**Q** 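Pasting a structure here, questions to come.
Please read all numbers here as calculations on a predicted model, not as lab measurements. Quick note: numbers below take in every heavy atom, side chains included, and nothing from hydrogens, waters or symmetry partners.
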Amino acid sequence: MAEYVYIQDYSKRGKLGISKKCFEEIISISTNKILGVETANPQSNKFVFSFYKPISCDIVNGKVQINVQVKIKQGNNIEKICTSIQEQIAEDITAMSELVPFSIKIKVVAII
């Protein structure tokens with residue numbers, strides 16, 4: 001799997017590489033904008049480090065595959081919230097990284 005997505009800039013003078021970490025940061029910011037949602041963070045008090053990541057990106061054949069695990073507050077419409085998360089992430093990635101192809105998967109891991 002690739003670590004960067006390369007896009008041609010409009011001036012045709014070179015390529016721009018955007019890393020997975022950059023996409024993960026954009027997704028984290030986008031997810032936190034939605035009311036009633038928390039990213040599913042691991043309990044950090046038990047271990048020094050963790051292999052668990054609530055937000056992950058994979059770059060396969062130039063396409064960014066986004067996986068987000070969230071906790072939704074009780075009383076909210078899960079379908080509406082998940083759609084809002086997908087729309088917000090899509091809007092922010094499009095605004096910040098030009099025309100990078102992507103897919104977004106949301107997984108609800110808990111109701112809080």
**Q** Answer yes or no: is there a side-chain heavy-atom contact under 4.5 Å between T94 and F102?
**A** yes
**Q** Under 3.5 Å, side-chain donor or acceptor atoms of residues 21-31 against the rest of the protein: list the pairs with distances, not counting sequence neighbours.
**A**
from	atom 1	to	atom 2	distance (Å)
E24	OE1	K53	NZ	3.2
E24	OE2	K53	NZ	3.1
S30	OG	I26	O	2.9
S30	OG	D92	OD2	2.5
T31	OG1	I27	O	2.8

**Q** Which residues pass the side chain to side chain contact (heavy atoms under 4.5 Å, CB included) test with L35, sequence neighbours left out?
**A** none
**Q** As an exercise, state the distance from NZ of K20 to CD1 of I55, rounded to the nearest 0.5 Å.
**A** 13.5 Å
**Q** Take V109 and K71 through the test side chain to side chain contact (heavy atoms under 4.5 Å, CB included) and record every step on the way to the result.
**A** CA-CA 6 Å; V109 294; K71 297 177 183 176; 4.2 Å; yes
**Q** Step by step, work out the side chain to side chain contact (heavy atoms under 4.5 Å, CB included) result for I112 and I72.
**A** CA-CA 6 Å; I112 53 173; I72 296 180; over 6 Å; no
**Q** After noting the C-alpha distance and the side-chain angles of I66 and I93, does the key distance pass the side chain to side chain contact (heavy atoms under 4.5 Å, CB included) rule?
**A** CA-CA 11 Å; I66 300 165; I93 286 180; 3.4 Å; yes
**Q** Determine whether I111 and I78 satisfy the following criterion, side chain to side chain contact (heavy atoms under 4.5 Å, CB included), listing intermediate values before the conclusion.
**A** CA-CA 9 Å; I111 305 294; I78 293 174; 3.7 Å; yes
**Q** Taking C-beta and beyond as the side chain, do I59 and E3 meet within less than 4.5 Å on heavy atoms?
**A** no
**Q** For residues 77-91, which residue pairs qualify under salt bridge (Lys or Arg N to Asp or Glu O under 4.0 Å), counting only residues two or more places apart or in two chains?
**A** none
**Q** Distance-only, no hydrogens or angles: does the Q86 side chain make a donor-acceptor pair with backbone N or O of I104 under 3.5 Å?
**A** yes
**Q** Give, for atom CG of D58 and atom CG of N67, the distance between the pair rounded to the nearest 0.5 Å.
**A** 6.5 Å
**Q** Salt bridge (Lys or Arg N to Asp or Glu O under 4.0 Å) with K63: which residues, sequence neighbours excluded?
**A** none
